[in-house]
Structures are given as structure tokens and as C-alpha cells.
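The next block holds one structure in the form of C-alpha cells; read it before the comments.
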Amino acid sequence: MNQLVGGIEAGGTKFNCAIGTAPGDLRAETRIATTMPAETIRAVIEFFRAQPRVDAIGIGSFGPIDRARGLITTTPKPGWANTDLAGAIQRALVVPVVFDTDVNIAALGEHTWGAARGLDNFIYLTIGTGIGGGGKINGKLLHGLIHPEMGHIRIPHDWNDDPFPGCCPFHGDCLEGLASGPAIEKRWGHHAENLARDHRAWKLQARYLAHALANLICAFSPERIIVGGGLMQQIDLLPMIQTQTRELLNGYIHAPEILERIAEYIVAPELGNRAGVLGAIALAQHIVALKA
Ligand code: ADP
Ligand code: ZN
């Protein structure tokens with residue numbers, strides 16, 4: 001697993017690109033603002049053209065995506081619906097390209113080098129501009145019909161306590177509609193990073209996320225859940241989510257990981273905000289190994 005490969009974390013605000021072989025051996029890295037597809041993809045291609053040749057490129061993208069065809073599909077992000085991201089890069093650079101969701105590659109990064117090492121069943125959630133989840137079950141990245149959309153599950157919404165209707169353009173008050181960065185901004189009128197630590201927004205946020213985690217634990221039985229994304233920089237959130245998730249499960253899931261060691265069970269990403277780009281590198285190395 002030491003081939004020189006490229007990785008791209010394609011996000012709604014920025015594309016993180018790198019070449020390298022491992023976390024301690026990234027030879028070049030760049031961040032490109034996500035503007036319109038043609039301009040953004042051109043800048044990505046220029047970055048890779050200026051680097052030594054790589055054996056493959058892994059891409060983890062915001063979605064929804066069509067993994068087999070390498071497309072971003074029904075995104076509401078202006079200009080990006082039906083973008084042939086993997087194809088454009090593969091044709092321009094003439095290298096094998098492998099494509100998956102942003103959260104699955106972050107999960108793969110954590111599995112290869114971070115908080116999910118050695119686990120066959122785990123979930124990686126990101127709480128940022130969007131909410132998404134990926135991970136492995138029985139040792140395989142979660143795919144299925146399309147791919148999981150854990151940000152769009154429904155959770156209890158007490159309209160008296162929280163009259164905000166939610167901001168998901170598809171579902172209103174799904175999890176992302178209630179607990180993403182834009183939801184916080186619209187509900188409280190401030191960017192999340194500008195809300196005081198004792199603002200009541202955070203208690204509500206922790207409750208929504210704990211409901212989501214309890215649901216995911218019941219549905220998937222993960223051995224660990226990794227929670228990343230910009231909103232988790234509010235350092236009080238993780239301990240509040242740990243406590244409330246355990247309380248919501250109410251002793252029913254009889255595992256010491258939940259009953260006694262919740263702080264090691266619901267954790268931050270070890271690779272921090274580099275999980276995505278490193279996971280893209282791990283994904284690229286997998287296909288090089290498969291072809292060898
Ligand atoms: P994306 O989903 O676009 O990749 P991020 O995961 O970086 O984005 O998350 C962006 C969100 O994180 C924004 O809504 C922003 O308000 C929020 N955020 C950034 N810094 C902080 C902070 N220190 N505390 C709480 N929220 C933050
Ligand atoms: Zn939704």
C-alpha cells in the first residue's frame with residue numbers, strides 16, 4: 001500500500017486535493033474553492049498535471065452520487081446537478097479513477113489510519129453544511145441501492161420547543177433540515193461559530209444528534225461511531241451527545257461500550273479534517289492493489 005496516488009475530497013465549499021502514499025507522506029496538497037463545475041474541475045486537473053504521475057486517483061464527493069457512472073446527480077447546489085466529475089478527471093489525466101461518497105472515503109481514511117482501525121462495523125458521520133454518514137458493515141463500505149443518506153432520516157421534532165420548520169429543500173425538518181450549519185444559522189440568525197457556548201442552540205443540537213445516533217445504533221449495530229464536521233468544533237457537543245445517546249437508549253442495548261465506555265464509542269475523527277482526502281488516497285491505493 002505505498003503507491004503514489006492522488007486523492008480528492010470534493011466538497012460543496014472546497015475541493016481538497018493531495019498526492020502521496022500515507023498521512024505522513026503527502027507530497028503535495030491544495031484547496032480549491034468550489035465554484036462552477038468547469039472552473040473547479042479545470043483547477044483540479046491543473047494541480048495534478050503539475051505533480052509527478054500517480055497510479056490512480058480516488059474521489060470522495062458530495063452527493064447524491066451515481067457511483068458506478070461517476071456522477072454527482074440530484075444536488076441542489078447550483079450548476080452541479082448531473083456533473084460527470086470522475087469522467088472529466090479520468091479523461092483529462094488518463095489514470096484509473098475510483099469514486100465514492102465524501103463520507104465513505106472519510107470512513108475509509110479513519111479505517112485505514114484513524115479511529116476505526118480494525119473495525120468491521122462502524123459509522124462515520126459529518127455534521128457541517130450538510131449532514132451525511134458512511135462507514136463499513138461486515139467489512140464493506142456501505143453502498144446498496146444508491147448509498148445511505150443518513151442526514152435525511154427523521155427525528156422527533158417538538159414544534160413548541162423548536163418552532164423552526166427545518167430547511168431541507170426535500171423534507172423540511174429531517175435531521176439535516178434541523179441540525180446542519182445552515183439550519184442553525186436560519187434558526188438563530190448567527191453562524192454557528194458565533195453562538196456563545198452557553199446558547200440554548202447547543203442543547204437542542206445535542207438532542208437532535210443524539211436521537212440520530214440512537215437510531216443509527218439500533219439500525220446498524222456499529223462497533224463505533226465517529227462524528228466529524230465543522231459543527232463538532234464546538235467542543236461541548238461531543239460529551240453532550242455521548243451522554244444523551246446513552247440516556248435515549250435507556251439500557252436496552254446491553255453493551256459495555258455504551259453502558260460504561262461511551263466516550264470511546266462515540267468519538268471524534270483521529271485524522272480530523274484530513275480524513276476525507278486521506279481516505280481518497282486509501283481508496284486509490286485499493287484499486288491499484290486490485291489491478292496489480
Ligand atoms: P462542509 O460540510 O461544507 O464540508 P464543514 O464540515 O467545514 O463544511 O462545516 C461547516 C459548518 O461548520 C458551518 O455551518 C460553520 O458555521 C460550522 N462551524 C465552523 N466552525 C465552527 C465552530 N468553531 N463551532 C461551531 N460550528 C462551526
Ligand atoms: Zn432532507
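For ligands, and for the atoms within them, numbers begin at 1 and follow the listed sequence. Keep in mind it's a predicted model, so treat the numbers as computed, not measured.
When hydrogens are left out, the protein atom nearest atom 5 (P) of ligand 1 is G230 N, 3.5 Å; that is the closest non-hydrogen contact. Atom 4 (O) of ligand 1 has its closest protein heavy atom at K14 NZ, 4.0 Å.
Counting just the N/O/S atoms of H171, the one with the shortest distance to the Zn ion (ligand 2) is named ND1. The Zn ion (ligand 2) sits nearest to atom ND1 when only the N, O or S atoms of H152 are considered.
Distances below 4.0 Å separate heavy atoms of T13 from the following atoms of ligand 1: 3 (O). Counting the atoms of ligand 1 from 1 in the order shown, those under 4.0 Å from a heavy atom of L231 are 12 (O), 25 (C), 26 (N). Of all the atoms in ligand 1, the ones that sit under 4.0 Å from a non-hydrogen atom of G181 are 14 (O). For ligand 1, the atoms sitting less than 4.0 Å from at least one non-hydrogen atom of G229 are 6 (O), numbered in the order shown with element in parentheses.
For atom 13 (C) of ligand 1, no protein heavy-atom neighbour is found at a distance under 4.0 Å.
Two rings, from F62 and W80, have their centers less than 6.0 Å apart. Checked against the 6.0 Å centroid threshold, H152 and F170 do not count as a close aromatic pair.
Distances from atom 10 (C) of ligand 1 to the heavy atoms of T129, L195, D102 put T129 nearest. If you check each of R197, E193, Q233 against atom 16 (O) of ligand 1, the one with the closest non-hydrogen atom is E193.
Taking every heavy atom of both residues into account, L141 and N104 meet most closely at CD2-O, 3.7 Å.
The stretch residues 242-260 participates, sequence neighbours left out, in no side chain to side chain donor-acceptor pair (under 3.5 Å) pair at all.
A donor-acceptor contact shorter than 3.5 Å links the side chain of E110 to the backbone of E270. Formation of a donor-acceptor pair under 3.5 Å by the H199 side chain with backbone atoms of A201 is found in this model. Side-chain atoms of T34 come within 3.5 Å of backbone atoms of K14 as a donor-acceptor pair (strictly under, hydrogens ignored).
At least one heavy atom of Q234 lies less than 4.0 angstrom from ligand 1.
With 3.5 Å as the limit, one finds a donor-acceptor pair spanning the side chains of T35 and E39.
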